[in-house]
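Written below as structure tokens is the structure these notes are about.
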Amino acid sequence: MPNRSITILSFHILLLLSACKAPQQKEQSEDLLKNEGIHAAFYNSTGTRIAMATTKGRLLLCDDHLKILKAVQAHKGVANSSFFSLNDAYIITGGADQKIKQWHANSLQLARTFPYAFNSHTTVLGTNSMVGCGENGRLLIHDIRTQKAKILRVSPTAAYHVYYNQKDTSVVVSAGRAAVEVALRQQKITRTYDSRQELVFCVMPDQTNQTVVLACADSTIKVFERKTQQLLYESKKLDGQVYVACYNYHNDVIAASTSAGSIYFFDTQLKASKKRIKAFEGCINTIHYDPTDNFLVAGSLDPKNGGVKLYKTNTYSLIKALR
């Protein structure tokens, strides 16, 4: 009998321990917070991690299957960007709270907060430079070696997206109704790609740095020759404003996302659309290929129907959704 009592008591203790663990397991849920959209989602250089900035100001570190590994409250209000640094050691974020922060990529421990009141829509971090573009068409260039900074006005209206086209040397940035290339050391515009229509939301170089692709508010994608600044190709009108356009790593496909929730896949001369995916009901403000080109991550900031989705690119099939 005593042995049986001990057994029963042990069983009840196990039940209590299981009940105590249940809430912790729930906290590790892979779901987003209620009405939390994704503002940015980008792979690191090996494709093993994805950094996400959310509309509730969180920075999420996910694995390549969208499992949330770590999360921190990075900003008050919307977190706008979440790029890995060029060496993958850090994640750089900007937020509507006008702060730019640098995080250790593995632990999400805060490494530094830059001393600028700057609402950066997109921010990139190299070895010698940190560059952010923001409201009122401003471009912030921070020299890490000297700790000096300059703000360059690239547009009288808006600057939504910046990306290195030559590491630590130059960037391309959307600048109102155009995109421009900026030499970081000289801190001046060296090339201009004029869309001639409405705002340019995104500009990205190809993998050889011979051309740049523009995502435009007039619902088109435009490809320019980088050196001559001449328009080479222009797509037909898509089903909404084009928020993002980028080349894959093999440099043979251009993917683009729209305000109507679609992702298009074109050849690099924009002659034919290979595929169109209806991914979300609202705008898709971020898409990014993994380095193998086998997967594409897409995010929407729509608070009701947004989130992030992972697609297999050879079949265009949905692998996983995080909502």
Side-chain angles (χ1 to χ4, degrees), residues 27-33 36-75 78-95 100-113 120 122-127 130-132 161-164 167-168 202 204 207 244 246-250 255 257 263 279 284-301 306-313 318-323:
E27 287 174 3
Q28 297 300 316
S29 168
E30 297 180 17
D31 294 336
L32 299 176
L33 299 178
E36 184 174 32
I38 296 297
H39 209 286
F42 293 99
Y43 284 97
N44 63 359
S45 64
T46 60
T48 56
R49 295 290 182 266
I50 303 171
M52 300 185 194
T54 82
T55 56
K56 289 188 177 293
R58 294 201 302 164
L59 170 61
L60 310 179
L61 180 65
C62 300
D63 69 8
D64 55 355
H65 285 81
L66 302 187
K67 179 181 179 181
I68 298 176
L69 304 175
K70 293 183 182 298
V72 295
Q73 189 65 45
H75 296 275
V78 176
N80 296 326
S81 60
S82 55
F83 271 121
F84 284 91
S85 61
L86 293 179
N87 63 3
D88 283 342
Y90 300 100
I91 299 169
I92 189 82
T93 65
I100 296 173
K101 296 182 179 182
Q102 181 178 330
W103 309 83
H104 291 283
N106 292 328
S107 65
L108 295 194
Q109 292 290 323
L110 182 63
R112 69 177 298 184
T113 299
S120 178
T122 312
T123 312
V124 293
L125 178 66
T127 304
M130 184 276 292
V131 187
H161 184 261
V162 63
Y163 199 81
Y164 286 112
K167 296 178 179 180
D168 274 325
C202 176
M204 291 286 283
Q207 305 302 332
V244 184
C246 63
Y247 291 87
N248 66 352
Y249 283 85
H250 286 89
S257 67
I263 305 173
I284 302 174
N285 43 286
T286 181
I287 56 173
H288 195 213
Y289 279 98
D290 87 308
T292 68
D293 286 337
N294 291 325
F295 301 96
L296 181 130
V297 63
S300 172
L301 51 73
V308 63
K309 294 182 179 180
L310 184 66
Y311 287 91
K312 184 75 173 173
T313 53
L318 177 65
I319 302 298
K320 188 173 181 181
L322 182 64
R323 301 181 183 182

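Here the structure is a predicted model, which means the values were calculated and not measured. We use all heavy atoms of the structure for the numbers below, so side chains are in, but hydrogens, waters and symmetry mates are not. Heads up: numbering here begins at 1 and tracks the sequence.
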Distance (rounded to the nearest 0.5 Å) between [X] [atom1] and [Y] [atom2]:
X	Y	atom1	atom2	value
Asp290	Phe42	CG	CZ	14.0 Å
Ser81	His161	OG	NE2	9.5 Å
Ser85	Met130	OG	CE	12.5 Å
Asn285	Ser300	CG	OG	6.0 Å
Asn106	Lys70	CG	NZ	9.0 Å
Leu301	Lys56	CG	NZ	12.5 Å

Exceeds 12 heavy-atom contacts within 6.0 angstrom, atom CG of Asn87 = yes
Please confirm whether the backbone N or O of Ala51 pairs with a side-chain atom of Ser82, one donor and one acceptor, at under 3.5 Å?
->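 Looks like yes, one N/O pair under 3.5 Å.
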Polar side-chain atom of Asn44 near backbone of Asp88 as donor-acceptor pair, under 3.5 Å = no
With side-chain contact (heavy atoms from CB on, under 4.5 Å) as the test, would you mind laying out the steps for Leu61 and Ile91 before giving the verdict?
-> CA-CA 10 Å; Leu61 180 65; Ile91 299 169; 4.3 Å; yes
Decide yes or no for [X] and [Y]: does some side-chain heavy atom of the first lie under 4.5 Å from some side-chain heavy atom of the second?
X	Y	value
Thr313	Tyr289	yes
Gln109	Trp103	no
Leu59	Lys101	no
Phe295	Lys312	yes
Leu296	Asn248	no
Ile50	Leu66	yes

Residues Ile100, Ile92; criterion side-chain contact (heavy atoms from CB on, under 4.5 Å); working and verdict = CA-CA 7 Å; Ile100 296 173; Ile92 189 82; 3.8 Å; yes
Where [X] and [Y] come nearest, the two heavy atoms and their spacing:
X	Y	value
Leu32	Ile68	CD2-CD1, 4.5 Å
Val308	Val297	CG2-CG2, 3.4 Å
Asn80	Ala53	C-CB, 4.2 Å
Ala279	Ile263	CB-CD1, 4.0 Å
Leu125	Tyr164	C-OH, 3.6 Å
Thr54	Glu36	OG1-OE2, 2.7 Å

Using side chain to side chain donor-acceptor pair (under 3.5 Å) as the criterion, point out the one residue from His75, Gln102, Arg58 that pairs with Thr93.
-> His75
Walk me through it: do Arg49 and Tyr43 pass the test side-chain contact (heavy atoms from CB on, under 4.5 Å)?
-> CA-CA 6 Å; Arg49 295 290 182 266; Tyr43 284 97; over 6 Å; no
Kindly write out the residues that satisfy side-chain hydrogen bond (donor to acceptor under 3.5 Å, both in side chains) with Thr123, not counting sequence neighbours, or none if the list is empty.
-> Ser120
